[in-house]
Each structure stands twice: as structure tokens, then as C-alpha cells.
Amino acid sequence: MFDSPPGTYPHQMQISRQFGNTLREAPADADTIAHQLLVRGGFVDQLMAGVYSYMPLGRRVKQRIEQVIREEMDHAGGQEVLLPTIQPVDIWEQSGRALSMADVLFQLTDKRERAMVLGPTHEEVITKLFQDHANSYRDLPVTLYQIQTKLRDETRPRNGLVRVREFTMKDAYSFDIDEEGLDQSYDQMFKAYERIFKRLGIPIVAVEADSGAIGGKGSQEFIFLTDSGEDTVLICEQCGYAANQEKADFLRVDAGKSEIQSIEEIETPNATSIDELTDFLKIDSNQTAKAVLVMAEPLDGGAPFPVFAVVRGDLEINDVKLMNAIGARSLEPMQDTQIREYGLVAGYASPINLSNSLKTIADISIPGAINLVSGANKPDTHFRNTNYGRDWTADLVADIALAGEDHLCAHCPEDVESRLRARRGIEMGHVFRLGTTYTNHFAVTVLDETGKQLTPTMGCYGIGVERIIAAAVEEHHDEHGIIWPASIAPYDVHLIGIGMVRDEAVKEDAEALYQELKDASIDVIFDDRDESPGVKFNDADLIGIPIRLITSSRNLKAGLIEVKHRDSDKTETVPRKDLVTWLQVNQTT
RNA sequence: CGGGGAGUGGCGCAGUCUGGUAGCGCACCUGUCUGGGGGACAGGUGGUCGUCGGUUCAAAUCCGGCCUCCCCGACCA
């Protein structure tokens, strides 16, 4: 092998031979800019809702993104593996996620009626793999990763490549002997992520996140901020605190202090909402208690149970926080018949004298708030001056309120008043400290130095590849088309010959140049078509290759090549004979 | 799953209300001209009008069922 040539060929393509052509108009159902440009440029094609084919250009971009991720994973000590997409349902039952992820699991059976799932992610598989092949603390720490297709039966695919049912994810899984090791692995991955997104040209903000169905304690999301995003994040510009809205905490503003007064019943006709109530009584919403009635499905798959949740009237319930607080995997609004069944009056539900069959939970804004107006559990009637502790108590007091724009940051020093800003964003990556959730479920142990069994602790770290494509286009485009970052562009240079039919010399020179570029291992796409300059320029703008080279009669006579960077309006000329060297020096990938 | 919108050549659309020869632009094919920002002319290819059923002499068009796609919400490591 020592005397064999490197064996790598540059990637090259003549546009006349490239499969797929550009569209002047995007399909009507392409909604976001990224989706429109990717379809118009001939990068992707939709097969059905949330399922896309990648055409040659799109596949190249995807592959280059994967390569950047792969390099950084390897650099961070990761080892790449390939895991099955089709998995026995048993391991999902063992982890409990056959239930908690039931909504997104594609399920199927084989000829022998064996139940299987198409992997929406691979914690179960990797944990079993680890179990079979790691025996000793000496095998740890280890980080395994995969870049593979995952399948999720999303209820509503949307937003082009952002929420799809079949997608590629890089998932890495770390195994450590203890918390300290996990922290190190986690930190290493976090840093790798920062490098990855930097190289990919995607600006991200790392935010604290809810761990969701995957479990674990503590996770962060890498969010690409964009108005078309479907997540909301809250950011404190003072201290840098940033969190997904599902997770974000905030300081409750005191609603003002006064003497505790005695409770009284008041008539409040047709005041079933906080708005109607505050209008009618001419008070602020923070003087009221809001009751939210839901049926909660428990994590263990048992029967749904009724929940009576209370927040101060100026706040909203955060469903995720509520579910975490009560150990639920989903919430449904309580039906009218159920409300009556539990002896409640819709619109006037009261936390006072509640049936024991309801689980009650109060937001932390409630105990400190005094003399609140709350329902009296009688039609058209409220109580004035209800006070937590005196008139009622909850089974649980917890942070269950939704943080929003202008709420006070809970992480700034007390004397600093800084308000949270709400921004929309797309989750590009997510890193989790899983802990021993999965190793416990699968009874995974290794021996420590003393020969005792220990349960390894895990982390997992995902990146959505297609989302990166969408974000890259969203971030890097103009009115003419895509402007790929050099690190992920499908080609390095886009060679255009102008007037090649008219002038044989130009044609010969363009073809020679194409060959020289290939010989220099520069990835080149050559527009060899008999099209007018306008068509070629517009297509070049649309597909967004970083560097455009133009040869023509005029340039040929002068011994020059025009060089234009896609991200700039300026054109420069380089002597024809120096071109390849010039490119090699100026290449930024 | 709830609400809204839409299915007519590869893409964008008109035609549907008021039933009667399926049409336009882009793309594609052939030819001529043109040649530095989606050029011009001429001639072409391609569509069981999502699908199944009904009404009618006659259905893209009217009626009913179903399917699919998009948007908002619910949902979503």
C-alpha cells in the first residue's frame, strides 16, 4: 500500500450531465426560504410529508456536513459505529420508552409476528451493545457515535427539512464510571459542538433545556435563532442566561403586600376567564388565582388521573414543567363531564374544599400571593381574599409557570433588574447528561478496580443533519439564491464558459481549465451548457458555490480569468496561468 | 386529533360560480438567429383534471365518500 497513489479523486460535474435542473419558481407548498431555494436549486425533492430525496447537489452538501461532524467527533475521541434501524420492541419496553415515545414510534411486525420498531433514536441499542462488549472500568470512558437515518412518526411534519419523519442524525453516546467522568465527556462534546457549528457557519446559542422523554438530569440545546423556528427560547442579555421556554425559570414579581383579609364570596356573573374577571372587578390579573384542570397520563402507563393546577392569574401554565412535577407523560384538558364528575364548576373552579381525588399543585407564585380572587366552585361566584395556607394547601408546590418576554431574570444579581427576551429558534443539537437511566434499565455493570460492580453513567449528544442544511441556507442566502459556507458547499468552484459555441478557443480553454482544476484536486462544477450568460449566472447564484470562475473570448485574449466570490459583489481577475495556484492559496476550506 | 386552505403535464397558474373541443407561462424536444444577468422567432412532446361513486344526452365543472399535500393549533430526544 505504500506505493499506491492516494486514490482520491476530486469531485467534478458538468452541468449538462447533472441530474436535475433548476426551477424558476418554487412549489407552492414550500414555505420557508430555505425550502424554496433547496427545491429550486435541485438539491432536494419531496416524496411525501416529511420525507425527502436528496439529489446529487443536496447529497453532496449533506455529505460534507457529515464529514465535518465526523472529523470533530473523531477529534474529540469518539468512535464511529453503525447501528440497526430496525429494532425489537422488547428493548423499548425494557427502557419504558415504548410508552413514553409511543406517539412517534413507527411499529411493525415481521412474518412471525415479532413486534419491531424503526429506530427513532438509539439509546436502547447502544446500551445493549455496550453491555455485550464492556466488562471493566478499564474499558471506560468511551464515546460511540453514529451518523444515521432515524425515523419518527411525527404528528405533523412541517417547515421543509426542519420537522421531518425520516432524517439523519449524528448521535453520540458516552459511558463513564462516575459523575465526574460524565462531566468531562459532556464538556468535551459540548466543545466539539461549538467547533462543529463554527465550521458549518451556523450561529447558535446554547440554552438550558428540558430532557423530555429521553430522561436524564440536565441538558442543553444548540439553537439556531430564526423567526421561522418552532421553539421559543428566553435569553437574558445581562447575564447570558438562556433557556428553552419549556425549561426557563424566572423571578415572580411580588404583587404588592397588604394585610391578610377575611375571605368573602362575591357575585361574578359571566366571568369565567381571567380577562372577564379582572374587567368585572377592575383588578390586576396578579390579584387572581388561575385554575387549570387537566387529566394526566402517568409515566408508568397507568390510568389518567385528574390534576388541579393553580398559577397566579397573570401567569400561564408551562405544560412541560407541570408534567415533570407530577410525573406525567402527557396532559389532556379535562372534559366538561369529568369536571362535573369531580364536583367542579367550569370557569369557577376553586382550590378550596377540593375532592381528595384530585392531585393539587400550586405554582411557587401562589404561596406568597395574598388576598387572591379565586373560584368559589359555584356558578357566577368567586371568593375574594383567598390565601394559600389559610384557606387551602396543595399536594405540591413547584415551578409550573411559563416564562415569557419581559419576565425578570432569575439568574442576575438581586440588585440588577434584567428582563428576559423571547426569541424563536430551531433546535440543531442537544446534549444530555443521561446518568444511569438506561444502564439501570438494562442492568449494565462493569467491574471497578476492586472487583465490585458499578453502573456506568451515560451522556448522549445529537445533531440533526438536515436541519443544518436548512439553517445554513436560511442564514446564508440573498435574493438570488444560496450562498454556501465554503465548508459545506457542494463544490469549491463553479466554472462558467461564456460563448463556447461561438468561439471554439473559449471552449477548448474552458475544458482545459476544467481538467486542470480536477488535476489540482479542486472540486469543480462546470457549466458547459449552450445557455446564455444570464441563465448561467442566475443558476450559479441560485446553487451558491463559493467561487465562480468565468472564461470568455474577452478574458482569453487578455490571458485572464474572472473570479467572483458568491458572497461579494466584486469581481477580480487573475492571470490564467496562475489560477490554480491562486485558488490553492485562497481556498478557505 | 381540532380549525383553515389546496389538489388541472416536471414547476407556477387560469378554467369550476353559470356542465358542452382541457388552456397559459416556465421547463423539455427540433431548427434558425442571438450571445456578459433567466433573449427572439417558428414548429413540437407531454395531462384518465387526486381517487371512487352518483346526477346528466354530456362532468375538470354539480352531489357524496375517500386519499393526499400545505398552514395554525395540539403534539414533538
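First the proteins, then the strands, lettered A, B, ... as listed; each starts at 1.
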When the distance from [atom1] of [X] to [atom2] of [N] is rounded to whole Å, what number comes out?
{"X": "A/R548", "N": "B/G36", "atom1": "CZ", "atom2": "P", "answer": "15 Å"}
{"X": "A/D231", "N": "B/C75", "atom1": "CG", "atom2": "P", "answer": "13 Å"}
{"X": "A/N159", "N": "B/C75", "atom1": "CG", "atom2": "C1'", "answer": "15 Å"}
{"X": "A/D29", "N": "B/G5", "atom1": "CG", "atom2": "C1'", "answer": "12 Å"}
{"X": "A/K536", "N": "B/G38", "atom1": "NZ", "atom2": "P", "answer": "15 Å"}
{"X": "A/L23", "N": "B/A27", "atom1": "CG", "atom2": "P", "answer": "11 Å"}
{"X": "A/L161", "N": "B/C76", "atom1": "CG", "atom2": "P", "answer": "22 Å"}
{"X": "A/D539", "N": "B/G36", "atom1": "CG", "atom2": "P", "answer": "17 Å"}

Could you measure between the two [atom1] atoms, the one in [N] and the one in [M], and give it in whole Å?
{"N": "B/G23", "M": "B/G44", "atom1": "P", "value": "14 Å"}
{"N": "B/U68", "M": "B/A27", "atom1": "C1'", "value": "25 Å"}
{"N": "B/C1", "M": "B/G12", "atom1": "P", "value": "27 Å"}
{"N": "B/G50", "M": "B/U61", "atom1": "C1'", "value": "16 Å"}
{"N": "B/C66", "M": "B/G25", "atom1": "C1'", "value": "34 Å"}
{"N": "B/G38", "M": "B/U51", "atom1": "P", "value": "39 Å"}
{"N": "B/G15", "M": "B/G2", "atom1": "C1'", "value": "33 Å"}
{"N": "B/C63", "M": "B/C26", "atom1": "C1'", "value": "36 Å"}

Using a heavy-atom cut-off of 4.0 Å across all strands, would you classify [X] as base, sugar-phosphate, or nothing?
{"X": "A/N555", "result": "base"}
{"X": "A/D503", "result": "nothing"}
{"X": "A/Q46", "result": "sugar-phosphate"}
{"X": "A/A209", "result": "nothing"}
{"X": "A/R529", "result": "nothing"}
{"X": "A/N21", "result": "sugar-phosphate"}
{"X": "A/E246", "result": "nothing"}

Residue [X], side-chain heavy atoms: nucleotide from [options] that is nearest:
{"X": "A/R158", "options": "B/G36, B/C76, B/G73", "value": "B/G73"}
{"X": "A/T155", "options": "B/G36, B/C1, B/G12", "value": "B/C1"}
{"X": "A/T22", "options": "B/G35, B/G36, B/G38", "value": "B/G38"}
{"X": "A/E25", "options": "B/G39, B/C69, B/C11", "value": "B/C11"}
{"X": "A/A28", "options": "B/C69, B/C13, B/G38", "value": "B/C13"}
{"X": "A/R24", "options": "B/A74, B/G39, B/C70", "value": "B/G39"}
{"X": "A/V535", "options": "B/C11, B/G39, B/C71", "value": "B/G39"}

Which base, if any, makes a Watson-Crick or G-U wobble pair with [N], both distances under 3.5 Å?
{"N": "B/G2", "result": "B/C72"}
{"N": "B/C26", "result": "B/G10"}
{"N": "B/A40", "result": "B/U32"}
{"N": "B/U51", "result": "B/G65"}
{"N": "B/U18", "result": "none"}

> Considering heavy-atom distances to RNA chain B, does A/M323 or A/E531 have its closest nucleotide positioned more toward the 5' end?
Replying inline: A/E531
> Of A/P533 and A/A49, whose closest RNA chain B nucleotide lies nearer the 5' terminus?
Replying inline: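 The residue closer to the strand's 5' end, by nearest nucleotide, is A/P533.
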Between the side chains of [Y] and [X], is the shortest nitrogen-to-carboxylate-oxygen separation below 4.0 Å, so that they form an ion pair?
{"X": "A/D363", "Y": "A/K321", "answer": "no"}
{"X": "A/E154", "Y": "A/R165", "answer": "no"}
{"X": "A/E230", "Y": "A/R424", "answer": "no"}
{"X": "A/R548", "Y": "A/E562", "answer": "no"}
{"X": "A/E124", "Y": "A/K128", "answer": "no"}

> Within less than 4.0 Å of OP1 or OP2 of B/G12, is there a side-chain N or O belonging to A/R40?
Replying inline: no
>> So, does A/R156 get its side chain near the phosphate of B/C71, meaning an N or O under 4.0 Å from OP1 or OP2?
In response: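 Checking A/R156 against B/C71: at least one side-chain N or O falls below 4.0 Å of OP1 or OP2.
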> Checking only heavy atoms, does the side chain of A/S532 share a donor-acceptor pair with the base of B/G39 at less than 3.5 Å?
Replying inline: no
>> Taking atom types as they are modelled, would you say the side chain of A/D541 forms a donor-acceptor pair with the base of B/G38 within the 3.5 Å cutoff?
In response: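 There is none.
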>> Rounded at 0.5 Å granularity, tell me how far OH in A/Y461 sits from NZ in A/K170.
In response: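 The NZ atom of A/K170 is 9.0 Å from OH of A/Y461, to the nearest 0.5 Å.
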> When A/Y438 is tested against each of A/E123, A/Q131, A/R97 for side chain to side chain donor-acceptor pair (under 3.5 Å), which residue passes?
Replying inline: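 By the side chain to side chain donor-acceptor pair (under 3.5 Å) criterion, A/Y438 pairs with just one of A/E123, A/Q131, A/R97: A/R97.
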> What do you reckon, is CD of A/Q107 surrounded by more than 12 foreign heavy atoms closer than 6.0 Å?
Replying inline: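 Counting neighbours around CD of A/Q107, more than 12 heavy atoms of other residues, nucleotides or ligands fall under 6.0 Å, so yes.
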> Taking the six-membered ring of A/Y186, is the NZ or CZ of A/R433 close enough (under 6.0 Å from the centre) and on axis enough (within 45°)?
Replying inline: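 Judged by the rule (NZ or CZ under 6.0 Å from the ring centre, within 45° of its axis), A/R433 counts as positioned above A/Y186.
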